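Please read all numbers here as calculations on a predicted model, not as lab measurements.
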Amino acid sequence: MAADDCFDLLIVGGGINGVGIARDAAGRQLRVALIEQGDLAQATSSASTKLIHGGLRYLEFFEFRLVREALIERERLLGIAPHLIRPMEFILPHVEGLRPRWQIRLGLFFYDHIGTRQKLPASRSVRLATGRYGRLRAGLDHGFAYADCAVDDSRLVIANAIDAAERGARIWTRTRFVSAAPQGSLWHAQCQDVATGEKREIRARVLVNAAGPWVEQVLRSIPDVQAESQVRLVKGSHLVVPKLFEGEHAFMLQNPDGRIVFAIPYERDWTLIGTTDVPFTGDPSQVAISQEEIDYLTGTVRAYFERTIERHEIVWTYAGVRPLLDDESESASKVTRDYRLELAESPSHPPVLSIFGGKITTYRRLAEAALGKLTPFVRGSRGDWTDTAPLPGGDLLGADFDAFLSEVRRHWPFLSPVQASRLAHAYGTRVERVLGSATTTADLGEEFGGGLTRAEVEYLLEQEWARTPEDVLWRRTKAGLHMSAQQRELFARTFQELSDKPRTHADYAAS
């Protein structure tokens, strides 16, 4: 059994909340370990609707504090990750018989003013009958436009993990938390490598339970530690189809049941449609879209657009389980997206901090709050710092992505416009670590499809904890969407050879 030096924090869970806390803590010079049973962002954090937003519909549930916090975070995240997060215009068609115009106007007025808004434009009324925003069905003549942001959720997780590791955190993926027992002032946590079965003991002063849908399972593995809060598991599913409309704007579509569905430009050639809210029981790692959800999402599109979606047109679906804070709401769609940090401390055991709920937009603020709660037990070298410190790749001059992209195209002129844009968005200023001194496409090695090259794959293996073809094709890149089934199959066969001797930040820390 391997044993490691004592850490200040052992974080269980490599989703957005776990890596956000790891980054914040490592930046305070705390000794941090993080374990994740699968890949980083493999569960909930890669199954979002890919938005950084305040949550316009939460105003209906009087969640004013949550919306304000999320809108403030929207501005901050735009500043620290301008390569991963981009402003987007949202069109909200008005439908007779659903929310009245006055209610939408009032909601948008609050949305414009309840939080800090410096980088994004105010909402406004728009005419839809002109066809400028797409071919909507007859009768949808009036709507509203407002601004929010789109995000590459998986890469946001990776960026936080990279920063944490480069500030000293140890990160083990494919490592399962088994149990923990107190010994004096320390937790002795038993962990296991999922692939090899090798056991590892990690000692830490504080356990942080950021296991998302597994948060209660982790608590059951820690003796004499209980929590008052509970999670309510809600499945959210999405589908991707060929582009429904031209333009860089998205749609927010109302349904008669009160729910909303987004239709969002995605990966250049596609439209992302989601999400659903379905109560979930069972194993969160075994989750998939149902036929009822497909019918619900395609039916929503049919109610708004002239064009319909046939089943064979769906190119990709994904589903995730949201571990929402159970507030005993009557329906899944009304459960709060707020979070609760529950600290368990006792003379009989060291502290355990459990995270219930949350959303990707507020992860950074959640991490700050978590470190604040833990200050009496693990005091860092400084206070809050992540609100202005760029994430890896986000240190663009003036946060001007367009100017940065022009510089990438000038420096590597052999890249196609599409490939240059994808790489610049994915890696920001760290794109040089992928492209290096390449002067021709051939210098990047074999091209597997979708613009994915051997050079990029080797970078992902060495620097970003990639271990399987899925890690590369569907999380760290979305190259899988742009590849044929035959190309994906060939890549999977080639990947084993490329991944024979991978190295990660964890390896660097150990050497």
Side-chain angles (χ1 to χ4, degrees), residues 49-61 67 71 74 86-115 117 119-150 238-266 268-277 293-310 313-314 333-334:
T49 313
K50 323 298 185 193
L51 298 179
I52 296 295
H53 65 143
L56 179 60
R57 75 183 186 92
Y58 305 149
L59 292 174
E60 292 183 315
F61 308 137
V67 175
L71 289 172
R74 183 186 67 182
R86 64 186 189 280
M88 182 171 282
E89 182 182 50
F90 287 77
I91 305 301
L92 172 54
H94 173 254
V95 179
E96 293 293 339
L98 298 183
R99 294 170 179 87
R101 292 189 189 186
W102 68 263
Q103 183 180 356
I104 297 174
R105 284 197 189 98
L106 182 62
L108 288 171
F109 176 83
F110 275 108
Y111 205 66
D112 285 341
H113 295 92
I114 197 172
R117 182 179 56 79
K119 300 180 175 75
L120 300 176
S123 60
R124 70 189 195 283
S125 295
V126 294
R127 299 292 300 174
L128 303 179
T130 62
R132 172 188 169 191
Y133 294 105
R135 298 182 66 83
L136 300 176
R137 68 165 175 81
L140 294 177
D141 301 325
H142 183 268
F144 300 87
Y146 70 97
D148 261 323
C149 295
H238 301 76
L239 50 88
V240 176
V241 300
K243 190 184 297 185
L244 284 173
F245 51 88
E246 296 296 327
E248 295 301 312
H249 59 279
F251 283 93
M252 180 182 185
L253 309 175
Q254 305 177 72
N255 275 322
D257 61 5
R259 292 211 67 257
I260 57 95
V261 168
F262 290 101
I264 302 168
Y266 190 62
R268 189 177 73 253
D269 298 325
W270 318 103
T271 298
L272 173 66
I273 302 167
T275 182
T276 57
D277 279 314
E293 289 174 292
I294 291 174
D295 292 342
Y296 182 86
L297 295 175
T298 56
T300 301
V301 169
R302 191 180 307 115
Y304 281 87
F305 291 91
E306 286 185 357
R307 185 188 157 193
T308 60
I309 299 171
E310 302 299 331
E313 294 183 278
I314 299 173
S333 64
K334 293 182 179 179

Visitor: What do the steps show when you test Tyr296 against Asn255 for side-chain hydrogen bond (donor to acceptor under 3.5 Å, both in side chains), and what is the final call?
Guide: CA-CA 10 Å; Tyr296 182 86; Asn255 275 322; 2.9 Å; yes
Visitor: Heavy atoms only: give me the nearest Pro242-Arg307 pair and the separation to one decimal.
Guide: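 Heavy atoms of Pro242 and Arg307 come nearest at O-NH1, 3.6 Å.
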Visitor: Taking the ring of His94 and the ring of Phe144, is the distance between their centroids below 6.0 Å?
Guide: no
Visitor: Given the rule in the side chain to side chain contact (heavy atoms under 4.5 Å, CB included) test, do Leu128 and Asp141 qualify, once you have shown the distances and angles that lead to the verdict?
Guide: CA-CA 5 Å; Leu128 303 179; Asp141 301 325; 5.7 Å; no
Visitor: Is there a donor-acceptor pair under 3.5 Å between the side chain of Arg127 and the backbone N or O of Gly143?
Guide: no
Visitor: For the residue pair Arg105 and Ser125, what are the closest heavy atoms and their distance?
Guide: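 Smallest interatomic distance, heavy atoms only, reads NE-OG, 4.4 Å.
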Visitor: Please tell me if the side chains of Trp270 and Val241 come closer than 4.5 Å, counting only heavy atoms from C-beta onward.
Guide: no
Visitor: Please confirm whether the backbone N or O of Ala303 pairs with a side-chain atom of Arg137, one donor and one acceptor, at under 3.5 Å?
Guide: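 Answer holds: yes.
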Visitor: Between Asp277 and Arg57, does at least one N-O distance fall below 4.0 Å, as a salt bridge requires?
Guide: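 Result for this pair is yes, salt bridge flagged.
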Visitor: Could you tell me if the side chain of Lys50 sits less than 4.5 Å from the side chain of Leu272, heavy atoms only?
Guide: yes
Visitor: Look only at the side chain of Tyr111 and the backbone of Gly54, and say whether a donor-acceptor pair between them is shorter than 3.5 Å.
Guide: yes
Visitor: Tyr133 and His249: side chain to side chain contact (heavy atoms under 4.5 Å, CB included), yes or no, with the steps?
Guide: CA-CA 8 Å; Tyr133 294 105; His249 59 279; 3.8 Å; yes
Visitor: Can you name the nearest heavy-atom pair linking Phe262 to Thr49, along with the distance?
Guide: CD1-CG2, 4.1 Å
Visitor: Any sub-3.5 Å donor-acceptor pair from Lys243's side-chain atoms to Pro265's backbone N or O?
Guide: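 Not confirmed, Lys243 side chain does not pair with Pro265 backbone.
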Visitor: Let me confirm one number: the CG-OG distance from Leu92 to Ser123, rounded to the nearest 0.5 Å.
Guide: 10.0 Å
Visitor: Can you check whether Leu244 reaches Ile273 side chain to side chain, under 4.5 Å on heavy atoms?
Guide: yes
Visitor: Could you tell me the separation between the CD1 atom of Ile264 and the NE2 atom of His238, rounded to the nearest 0.5 Å?
Guide: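 These two atoms lie 7.0 Å from each other.
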Visitor: At their closest point, which heavy atom of Gly274 faces which heavy atom of Leu297, and how far apart are they?
Guide: CA-CD2, 4.0 Å
Visitor: Is it true that Glu246 and Arg132 make a salt bridge, defined as a side-chain N closer than 4.0 Å to a carboxylate O?
Guide: no
Visitor: Is there a side-chain contact between Leu253 and Phe305, using heavy atoms and a 4.5 Å cut-off?
Guide: yes
Visitor: Is the CZ atom of Arg135 crowded by more than 12 outside heavy atoms at less than 6.0 Å?
Guide: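 No, the 6.0 Å shell around CZ holds no more than 12 heavy atoms from other groups.
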Visitor: First locate atom OH of Tyr146, then atom CD1 of Ile104, and finally report the distance between them rounded to the nearest 0.5 Å.
Guide: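 With rounding to 0.5 Å, OH (Tyr146) is 10.5 Å from CD1 (Ile104).
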Visitor: To check you understand the geometry: which heavy-atom pair defines the closest contact between Gly107 and Leu59, and what is its length?
Guide: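 Gly107 and Leu59 have their closest heavy atoms at O-CD1, 3.4 Å.
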Visitor: Rounded to the nearest 0.5 Å, how far apart are CD1 of Ile91 and CG of Leu140?
Guide: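 Result: 12.5 Å between the selected atoms.
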Visitor: If we only count heavy atoms from C-beta on, is the Arg74 to Lys119 side-chain gap below 4.5 Å?
Guide: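 Heavy-atom side-chain distance check fails, nothing below 4.5 Å.
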Visitor: Salt bridge or not between Glu248 and Arg86? Use side-chain N to carboxylate O under 4.0 Å.
Guide: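 Looking at Glu248 and Arg86, the cut-off is not met.
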Visitor: Roughly how far, to the nearest 0.5 Å, is the CG atom of Asp148 from the CG atom of Leu71?
Guide: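 If I round to the nearest 0.5 Å, the distance is 7.0 Å.
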Visitor: Within a strict 4.5 Å, meaning less than it, do heavy atoms of the Leu56 and Ile260 side chains meet?
Guide: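 No; the side chains remain at least 4.5 Å from each other.
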Visitor: Measure the spacing between CZ of Arg259 and CD of Gln254 and express it to the nearest 0.5 Å.
Guide: 12.5 Å
Visitor: When the ring centroid of Phe245 is compared with that of Phe251, is the distance short of 6.0 Å?
Guide: yes
Visitor: For Leu120 and Ala147, which heavy atoms make the closest approach, and how far apart are they?
Guide: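 The pair with the smallest heavy-atom distance is CB-CB, 3.9 Å.
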Visitor: Should Met88 and Cys149 be marked as a side chain to side chain contact (heavy atoms under 4.5 Å, CB included) after you check the CA-CA gap, both sets of side-chain angles, and the distance that decides it?
Guide: CA-CA 5 Å; Met88 182 171 282; Cys149 295; over 6 Å; no
Visitor: Quick one: does Glu293's side chain have a donor or acceptor within less than 3.5 Å of a partner on Thr276's backbone?
Guide: no
